[in-house]
Number of protein chains: 2
Amino acid sequence: MNKPTIRIKDIAQKANVSIGTVDRVLHNRGRVSEEVRVKILQIIEELDYQPNMIARTLGTNRTYRIAALIPDGTIDPYWQESQNGIEKAGKELQIYGVQITQYRFNQHDVQAFIDQATALAQANLDGILVAPVFYRESLPFFEQWHALSIPFVLFNTQIEESNSLSYIGQDAFQSGSLAGKLLHYGQPEGCTFLVAHIAEDIANSAHLLGKEKGFRAYFSQQPALASSYKVISADLKKPGDISFFHQLDRLLDHYPDMKGIFVTTSKAYEIATYLQHTPERNIRLVGYDLLEKNLAFMEEGLIDFIINQNPQGQGYWGIQFLADHLVFKKKVALRKNLPLDIITRENLAYYLEAAQ
Amino acid sequence: MNKPTIRIKDIAQKANVSIGTVDRVLHNRGRVSEEVRVKILQIIEELDYQPNMIARTLGTNRTYRIAALIPDGTIDPYWQESQNGIEKAGKELQIYGVQITQYRFNQHDVQAFIDQATALAQANLDGILVAPVFYRESLPFFEQWHALSIPFVLFNTQIEESNSLSYIGQDAFQSGSLAGKLLHYGQPEGCTFLVAHIAEDIANSAHLLGKEKGFRAYFSQQPALASSYKVISADLKKPGDISFFHQLDRLLDHYPDMKGIFVTTSKAYEIATYLQHTPERNIRLVGYDLLEKNLAFMEEGLIDFIINQNPQGQGYWGIQFLADHLVFKKKVALRKNLPLDIITRENLAYYLEAAQ
DNA sequence: TTGTAAGCGTTATCAG
DNA sequence: CTGATAACGCTTACAA
C-alpha cells in the first residue's frame, strides 16, 4: 500500500552512478553517455519515479514572473472579480516562486491596451495571462510573444489563431443555447424572443455573436420550436440614455408577443431598469454575471436567471495553468471550459460564498 | 513591490540568537527565556514572517494519516464520485506527506459501517473524513474520536452536535427551495406538486426532510403561491418493483392536476421510468445527481433539471480541509456549503468535464 | 563524461 | 536555556 517514495538517490544507486548523472538525464542536459542514459531512463520507468516538486522548488531557488494584462477592475466590477481570482492564485503559488504583476488598462480605450501590452515587453517575463478584449489590436502582440517564446494564456475571450498555450473561458455558443432553454422553459405558447447586445463594439467581440448563434440554434434545431418561436436581435447603444429606452419601446411595440429578452453581456440591469418603468408585460430576462445591480433585480424578480461567467474562476485558472506549465512542467489542456452556472435567487448565496 | 522574503535566519540575526532559538519560540517548545521569547515574537510580528510551508514539509519528514469512512462506490455510483474526489485530493497532497486510507462500507448495512468505524481505531490516525449516513450509529464514534482528539470532518450529511472540525455539503433546505423554483417557474396556473422520497430509512436521514421543508417553504412564503399550489409528499418504497408503480398510479389518480415531482434523492430515474410507461401527463421532474441513468432521461427530456450535489467536490474538500488543519495549520471554516448547481441538457457537459 | 559539494528554508537532535 | 549541525530531496556550479 505505502510505496517507499523513491528518490533520485535511489535511482543513482541502482544505476551505479551519481545523483548528478541522474539529474542530467532527468533534465536532458546532455553530457551523459548514451549507454547510461538509456539505463537510467529504464530504471526511472521501472521504479515509476515521481520527482518531489516541493524539494525541487526549494532547490532551484528560482522565481517565475507572470504578467496579467487585464481591464481595470475599478472601472468595471466584472474585471474586479478576475483580478481577485488572479490574486488568489498568486497567493497560493507564492511559495513556488510565482510573482504576478497586473497590467491594467481601461477597457474602453484601445490605446491604453496597446500601451500596457507594450510596457509588458520590458519586464522579462516567464508567462502572460491576457484578456484579449480587443481582437484586432491583440494579434500583433500574440505574434511578438510567440516569437519571444513567452507562453501566454487567454481568458474570457477566445481567439483561435493566437498560438496561445491555453484558453480559459466558456463556450459562447452553448451558453446561448442555455439561455434559450431558460427563456423557453415552461413557456406555454409560441412567442418572440429578443437577443440584446449591449456593448460598444460588437464586431470586435466575437463571443457575443457566438452567444446569439447558440441561442438561435436552440430553437432552430428543434423542429417543433422552430415554427412557433421567433428570434430577433438588436444592437442597443448608450444604455441609460433616453434613446436607449426609445429603442426598446419601438421593439416592444413591434413585437407585442415578445416574452423574453436575452442580454448577451453583463448589462441585463439596463433592460431591467427599463422594464421596471414600463407597463407590466411579463417579459422574462436572462443575462450574465453576478454584478450588484443584476442581483438587486434578481431579488425583485425582474431578472429570472443569470448565467455566471465566473470571471474570478477564469483569472484563477489562467494563473494556475501558467504555473502548471512553468513550475510544475505539467501538460496543460489547450482549453478549459468553465461550467455554465445557472444562478437564481435560491442558489445565489453559495456562488457568492464560493468566490471567497 | 517585491518583499525580500524573510526567513527564520533573518529573525535570528535581528534578535542576536540562533535559528534554533527562533524555532523553539515558533513552535512553543519552551526552553527559551521569557525575555528573548518576547523579543523574537515581536520581531516576527514586525517583519510579518510567513513560514515557508514547502521547506517545512521537507524538513519535518512527517506524514499524516487520514482515513476516509465512506459508502462503497462499487455499490452506488454516487459514492464512487466521492471516492474520486478523495483520491484527487490525495494525489495533490501526497507531496505534503498526506496518506489516505479509505474504509468502505455497504451503505445499506449498518453493521458494515460499525465494523469499519471500529477498524479505524487501530490505525493511529491524524484525521478522519466521514460520510455519516447512519445518524444514530455515528454518534458514539464521534464521541470516541473527540475523546482521542482526532479531528474529523463530516460530509454529505450534517449532524449538528458532532464536535466535528467542519462539515462539507449543501444546504438541504435551500436546495429544496431551489427545486420549488424550478418546478414552479413558468407554470401557467396553480397545481399540485409531489415531493417523493425514495430511500430506505427516511427517519434516519434528516436531510431529506430538510429538502422537503425547503420545498414547501418556497410556496408557503409567497402568499400569492400558497393559495394556488398544493404540495404533497410520499415515501416511496421498492423502486423497480410493481408495487412502486402502483403507488404512483394511485397518487396520480388522486391528484389529476399534478404537474411536477421533486425527488429528494438521486433516484429520479425511477420516476422517469414510470412516467415513460404511462400516458403523457406533462409532469415535470426535478431530482439530484449526475448518475448515468438520470442523464439518459435528461437527454430524452423526461427530467428537466438536476441539482448537482457534487459528491466529488464534497470528498475533495473534505480532505483539503483536513489537510489545511493538519499540515498547513490553517483555521478551517466550520462549514462549507457547496453551490447548488443547476444542471440541464445545455450545460451538462461542463460539469462532467470539471469533474476530471 | 562523471562525481562532489554547497545551498534552498525548515526541523530536530545533541552537546554545551 | 542555547547554539551547532545533520537531514529532507533536489539543483547547480565546479572540479575531476
Side-chain angles (χ1 to χ4, degrees), chain A residues 3-41 43-44 47-64 93-99 326-329, chain B residues 3-41 43-44 47-64 93-99 326-329:
Chain A
K3 357 159 185 168
T5 162
I6 90 119
R7 304 132 37 249
I8 124 166
K9 194 183 188 178
D10 301 315
I11 298 171
Q13 250 159 24
K14 192 147 186 179
N16 285 317
V17 293
S18 78
I19 62 168
T21 306
V22 176
D23 183 70
R24 255 165 269 142
V25 354
L26 236 24
H27 294 86
N28 300 310
R29 295 198 223 281
R31 302 187 306 160
V32 176
S33 76
E34 186 57 18
E35 189 190 4
V36 302
R37 205 184 77 86
V38 173
K39 184 175 178 187
I40 289 177
L41 246 21
I43 295 181
I44 287 177
L47 264 43
D48 185 32
Y49 167 71
Q50 302 291 123
N52 181 332
M53 293 311 294
I54 138 166
R56 162 146 22 190
T57 56
L58 198 56
T60 74
N61 208 21
R62 84 162 279 191
T63 61
Y64 300 88
L93 295 166
Q94 197 175 16
I95 55 167
Y96 294 106
V98 172
Q99 295 175 343
L326 292 171
V327 355
F328 304 113
K329 315 293 185 213
Chain B
K3 10 179 169 146
T5 164
I6 92 117
R7 302 123 51 241
I8 123 166
K9 195 182 190 178
D10 301 315
I11 298 171
Q13 250 159 25
K14 192 146 185 179
N16 286 316
V17 293
S18 77
I19 61 169
T21 307
V22 176
D23 182 70
R24 256 164 268 142
V25 353
L26 236 23
H27 295 86
N28 300 309
R29 296 197 223 279
R31 301 185 306 161
V32 176
S33 75
E34 186 58 18
E35 189 190 5
V36 302
R37 206 183 76 88
V38 173
K39 184 175 178 186
I40 289 176
L41 246 20
I43 295 180
I44 287 177
L47 265 43
D48 186 31
Y49 166 72
Q50 301 291 122
N52 181 331
M53 294 310 294
I54 139 168
R56 174 175 312 195
T57 56
L58 197 57
T60 74
N61 209 20
R62 87 160 277 189
T63 60
Y64 299 87
L93 295 166
Q94 198 174 17
I95 56 168
Y96 293 106
V98 172
Q99 296 176 342
L326 292 171
V327 356
F328 304 113
K329 315 292 187 212

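Side chains included, hydrogens not; waters and symmetry mates left out as well; all remaining heavy atoms used. In what follows, chains carry the letters A, B, and so on, assigned in the order in which the sequence lines appear, proteins first and then strands, with residues in each chain numbered from 1.
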Measuring to OP1 and OP2 of D:dA4, would you say a side-chain N or O of B:Ser18 lies under 4.0 angstrom away?
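No.
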So, using salt bridge (charged side-chain N to carboxylate O under 4.0 Å, His left out) as the criterion, who are the partners of A:Arg7 when residues are at least two apart?
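With neighbours one apart ignored, the set is A:Asp10.
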Taking salt bridge (charged side-chain N to carboxylate O under 4.0 Å, His left out) as the definition, give me every residue that meets it alongside B:Lys9, ordered by chain and number, with sequence neighbours left out.
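For B:Lys9, no residue satisfies salt bridge (charged side-chain N to carboxylate O under 4.0 Å, His left out) once neighbours in sequence are set aside.
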List the atom pairs, donor and acceptor, that lie under 3.5 Å between side-chain atoms in residues 50-58 of chain B and the rest of the protein, sequence neighbours left out.
residue	atom	partner	partner atom	Å
B:Asn52	OD1	B:Ile54	N	3.0
B:Asn52	OD1	B:Ala55	N	3.0
B:Thr57	OG1	B:Met53	O	3.4
B:Thr57	OG1	B:Ile54	O	3.1

Spell out protein contact along nucleotides 6-16 of chain D as letters: B when the base is contacted, S when just the sugar-phosphate is, - when no protein heavy atom is under 4.0 Å; keep the 5' to 3' order.
--BBBBB----
Under 4.0 Å from any heavy atom of chain B: name the first and the last nucleotide of DNA chain C that qualifies, 5' to 3'.
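Under 4.0 Å from chain B, the extent on DNA chain C is C:dG9 to C:dA12.
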Under the side-chain contact (heavy atoms from CB on, under 4.5 Å) test, residues paired with [X] that sit two or more places apart:
X	value
B:Leu26	B:Val22, B:Ile44, B:Tyr49
B:Asn61	none
A:Lys329	A:Tyr64

Would a 4.5 Å heavy-atom cut-off, applied to side chains only, mark A:Val327 and A:Leu93 as touching?
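Sidechains of A:Leu93 and A:Val327: no contact.
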Just so I know, are the side chains of A:Thr5 and B:Gln94 near enough to count as touching, which here means a heavy-atom distance under 4.5 Å?
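No, their side chains stay 4.5 Å or more apart.
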Which donor-acceptor pairs under 3.5 Å do the side chains of residues 30-41 of chain A make with protein atoms, sequence neighbours left out?
residue	atom	partner	partner atom	Å
A:Ser33	OG	A:Val36	N	3.3
A:Glu34	OE1	A:Arg37	NE	3.2

Looking at every heavy atom in both B:Ser18 and B:Ala12, which two are closest together, and how far apart are they?
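Reported closest heavy-atom pair: C-CB, 3.7 Å.
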Once you build an axis from the first five pairs and another from the last five of the helix from C:dT1-D:dA16 to C:dG16-D:dC1, how far apart in angle are they, to 10 degrees?
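It comes to 50° between the two terminal axes.
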